[in-house]
J.: 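Next up is a structure, given as structure tokens.
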Amino acid sequence: MSKPCIICVAITGSVPRKANNPALPITVSEQIESTQQAFEAGAAICHAHVRNDDETPSSDPEKFARLKEGLEKHCPGMIIQFSTGGRSGAGRERGGMLPLRPDMASLSVGSNNFPTRVYENPPELVDWLASEMRTYGVKPEIEAFDLSHIHQAAIMNKDGRIPGDIYIQFVMGVKNAMPADKEVFDFYVKTVERLMPTAQWCAAGIGPNQIVLNEWSIAAGGHARTGLEDNVRIDKDTLAKSNAALVKRAVEICERYERPVATPQQARELLGLAA
């Protein structure tokens, strides 16, 4: 299999804290340094959240702007993807950074349960976020926590709310949402190929499911997400020393399956992004 595998590193997220792993990058300067190491290890996409000084989630566009500037300087060509997830803000606040024109932004097209709350993505907000992404030339990464989200992405692609070739990511292993189930994963892949045959797809596993989903995805010809947002450990007894350490593990899986790791330029070509 010669198709290059795009590795996305989710550097921080909204949930982990330094108490969980001291290597978690919180400040913008820490995030830039951690991402540069992951970039040099093979990551082509940086999926980014920002935090306040007390480690709580933030949607501050100024922090996103400083992060974007630093990543463009220290990780030339890397695809910058901002999160519009629900833990960082409420309502349209979640899309306040889109005028910064990152290459990509996450887009959840439906609601589902999370460990202690409902992850609300009402249709009006989904449509507004998609509209803002079209306005500012930001490519959505569809985050599918449920089968219905794949079908909704296909509908939005067909009617033009999400134009072009879809990039969709299966998120598995979130408590109270979709578990890491191989038959479900295989059905997700078949469903995407049936409904959106030109789509590129990726998979993310939470906690110990991270390496499981990395292997399933790479073996099946998809792309892979890793990073401290989803998993703070390299194994059940050992904390990951960095985001780069988790990227290196994904690279090793690619080598085992004879998948070349996509360069940023190759990733941009696969996703239809400007160089």
Side-chain angles (χ1 to χ4, degrees), residues 1-10 13 43-45 47 81 83 85 104 106-115 119 121 140-157 162 165-231 233-236 246-247 249-262 267 270-271:
M1 187 181 296
S2 60
K3 178 183 175 182
C5 176
I6 301 169
I7 297 177
C8 172
V9 60
I45 299 176
H47 174 78
Q81 181 190 107
S83 172
M104 301 182 73
S106 62
L107 179 65
S108 297
V109 297
S111 301
N112 60 279
N113 286 341
F114 267 3
Y119 182 24
N121 292 291
E141 178 195 74
I142 308 304
E143 294 197 342
F145 294 86
D146 184 80
L147 177 61
S148 64
H149 301 168
I150 298 175
H151 283 265
Q152 180 64 14
I155 291 168
M156 294 179 72
N157 184 226
I162 303 174
D165 291 339
I166 288 281
Y167 186 57
I168 188 163
Q169 175 176 265
F170 318 138
V171 185
M172 307 184 86
V174 176
K175 184 180 179 182
N176 297 328
M178 183 58 68
D181 182 293
K182 184 60 163 60
E183 289 192 17
V184 173
F185 170 84
D186 291 341
F187 187 73
Y188 277 6
V189 174
K190 290 179 182 178
T191 302
V192 167
E193 291 175 345
R194 176 171 60 87
L195 297 179
M196 298 169 283
T198 61
Q200 298 285 336
W201 59 268
C202 175
I206 307 304
N209 296 300
Q210 183 175 81
I211 191 170
V212 175
L213 267 294
N214 284 169
E215 182 125 13
W216 290 354
S217 186
I218 291 166
H223 306 294
R225 166 164 145 163
T226 190
L228 292 170
E229 170 176 350
D230 300 337
N231 174 34
R233 298 182 177 276
I234 201 76
D235 59 48
K236 68 176 184 176
L246 295 171
V247 171
R249 184 172 69 175
V251 169
E252 290 169 359
I253 298 172
C254 287
E255 291 171 350
R256 198 159 71 244
Y257 285 95
E258 300 182 349
R259 294 281 307 277
V261 175
L270 283 165
L271 299 180

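Nothing fancy with the numbering, it's 1 onward along the sequence. Heavy-atom basis, side chains included; hydrogens, waters and symmetry copies ignored.
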J.: Identify the heavy atoms of Asn121 and Ser111 that sit nearest to each other, and give their distance.
T.: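 Answer, listing the atom of Asn121 first, then Ser111: N-OG, 2.8 Å.
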J.: Is Asn157 reaching over with its side chain to a backbone N or O of Ile162, donor-acceptor style, under 3.5 angstrom?
T.: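 Such a contact is found between Asn157 side chain and Ile162 backbone.
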J.: Would Leu246 and Val9 count as a side chain to side chain contact (heavy atoms under 4.5 Å, CB included) here? Give the steps.
T.: CA-CA 8 Å; Leu246 295 171; Val9 60; over 6 Å; no
J.: Taking His223 for its side chain and Ile6 for its backbone only, find out whether a donor-acceptor pair lies under 3.5 Å.
T.: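 Yes.
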J.: Can you see which heavy atom on Phe145 is nearest to which on Met178, and at what distance?
T.: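 Here Phe145 and Met178 meet closest at O-CB, 3.5 Å.
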J.: Begin with the C-alpha distance, continue with both residues' side-chain angles, and end with the deciding distance and a verdict on side-chain hydrogen bond (donor to acceptor under 3.5 Å, both in side chains) for Arg233 and Gln210.
T.: CA-CA 10 Å; Arg233 298 182 177 276; Gln210 183 175 81; over 6 Å; no
J.: To the nearest 0.5 Å, tell me how far Ile155 CD1 sits from Met196 CE.
T.: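 The CE atom of Met196 is 10.0 Å from CD1 of Ile155, to the nearest 0.5 Å.
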J.: How about Ile142 and Gln169: do any of their side-chain heavy atoms sit closer than 4.5 Å?
T.: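 Answer no - side chains too far apart.
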J.: Please name the pair of heavy atoms, one in Gly173 and one in Asn209, separated by the smallest distance, quoted to 0.1 Å.
T.: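 Closest approach of Gly173 to Asn209, heavy atoms only: CA-ND2, 3.7 Å.
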J.: Closer than 4.0 angstrom, basic N to acidic O: yes or no for Lys182 and Glu215?
T.: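 Result for this pair is no, no salt bridge flagged.
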J.: Do Phe187 and Leu147 make a side-chain contact, defined as non-hydrogen atoms from C-beta onward lying under 4.5 Å apart?
T.: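 A side-chain contact exists here, since the closest heavy-atom pair is under 4.5 Å.
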J.: Using atom types as modelled and distance alone, determine if a side-chain donor or acceptor of Asn231 lies under 3.5 Å from a backbone N or O of Ile206.
T.: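 No; zero donor-acceptor contacts below 3.5 Å.
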J.: Taking only residues two or more places apart in sequence, or in another chain, which ones meet Lys236 in a side chain to side chain contact (heavy atoms under 4.5 Å, CB included)?
T.: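 With sequence neighbours excluded, Lys236 shows a side chain to side chain contact (heavy atoms under 4.5 Å, CB included) to no residue whatsoever.
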J.: Report the distance from atom SG of Cys202 to atom NE2 of His47, rounding to the nearest 0.5 Å.
T.: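 Going from the SG atom of Cys202 to the NE2 atom of His47 covers 10.5 Å.
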J.: Quick one, Thr198 with Asp165, criterion side-chain hydrogen bond (donor to acceptor under 3.5 Å, both in side chains). Give me CA distance, side-chain angles, the key distance, then yes/no.
T.: CA-CA 6 Å; Thr198 61; Asp165 291 339; 2.8 Å; yes
J.: Do you know which two heavy atoms are closest between Val247 and Ala43, and how far apart they sit?
T.: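 Shortest heavy-atom separation between Val247 and Ala43 comes out as CG1-N, 3.7 Å.
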J.: Please work out which of the three classes, parallel, tilted or perpendicular, describes the rings of Trp216 and Phe185, given edges at 30° and 60°.
T.: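 Phe185 vs Trp216 ring planes: tilted.
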J.: What I'd like to find out is whether the side chain of Arg249 reaches to under 4.5 Å of the side chain of Ile211, using heavy atoms alone.
T.: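 Yes, side chains in contact.
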J.: Could you tell me if the ring centre of Tyr167 sits under 6.0 Å from that of Trp201?
T.: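 Not close enough - the centres of the two rings lie 6.0 Å or further apart.
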J.: Hey, mind stepping through Lys3 and Glu258 against salt bridge (Lys or Arg N to Asp or Glu O under 4.0 Å) and telling me if it holds?
T.: CA-CA 9 Å; Lys3 178 183 175 182; Glu258 300 182 349; over 6 Å; no
J.: Do the side chain of Asn214 and the main chain of Arg225 share a donor and acceptor less than 3.5 angstrom apart?
T.: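 Yes.
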J.: For the residue pair Gln81 and Ser106, confirm or rule out a side-chain donor-acceptor distance under 3.5 Å.
T.: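 Distance-only check fails for Gln81 and Ser106.
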J.: Does a side-chain heavy-atom distance below 4.5 Å link Thr191 with His151?
T.: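 Heavy-atom side-chain distance check passes, below 4.5 Å.
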J.: Val261 vs Cys5, test: side chain to side chain contact (heavy atoms under 4.5 Å, CB included). Steps then yes/no.
T.: CA-CA 5 Å; Val261 175; Cys5 176; 5.8 Å; no
J.: Decide side chain to side chain contact (heavy atoms under 4.5 Å, CB included) for Asn176 and Phe114; before the verdict, give the C-alpha distance in whole Å, the side-chain angles of both, and the deciding distance to 0.1 Å.
T.: CA-CA 6 Å; Asn176 297 328; Phe114 267 3; over 6 Å; no
J.: Looking at every heavy atom in both Ser2 and Pro260, which two are closest together, and how far apart are they?
T.: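 Nearest heavy atoms, Ser2 then Pro260: O-CG, 3.2 Å.
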J.: Output yes when a side-chain donor or acceptor of Arg259 lies under 3.5 Å from a complementary backbone atom of Ala219, and no otherwise.
T.: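 A pair under 3.5 Å: no.
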J.: Would you say the side chain of Phe170 lies within less than 4.5 Å of the side chain of Leu213, judging by non-hydrogen atoms?
T.: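 Sidechains of Phe170 and Leu213: no contact.
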J.: Identify the two heavy atoms, one from Asn112 and one from Ala177, that lie closest to each other, and give their separation to 0.1 Å.
T.: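 It is ND2-CB, 3.9 Å.
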J.: If you define the side chain from C-beta out and look only at heavy atoms, does anything of Glu143 sit under 4.5 Å from Ile168?
T.: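 A side-chain contact under 4.5 Å is absent here.
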J.: Is Asn113 close to Tyr119 at the side-chain level, that is, under 4.5 Å between some pair of heavy atoms?
T.: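 Side-chain contact under 4.5 Å: no.
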J.: Are side-chain heavy atoms of Ile45 and Ile7 found at a separation under 4.5 Å?
T.: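 They are not in side-chain contact.
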J.: Check whether any side-chain N or O of Ser83 sits under 3.5 Å from a backbone N or O of Gly85 as a donor-acceptor pair, and report yes or no.
T.: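 Confirmed, Ser83 side chain pairs with Gly85 backbone.
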J.: From Ser108 OG over to Asp146 CG, what is the distance, rounded to the nearest 0.5 angstrom?
T.: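 These two atoms lie 11.5 Å from each other.
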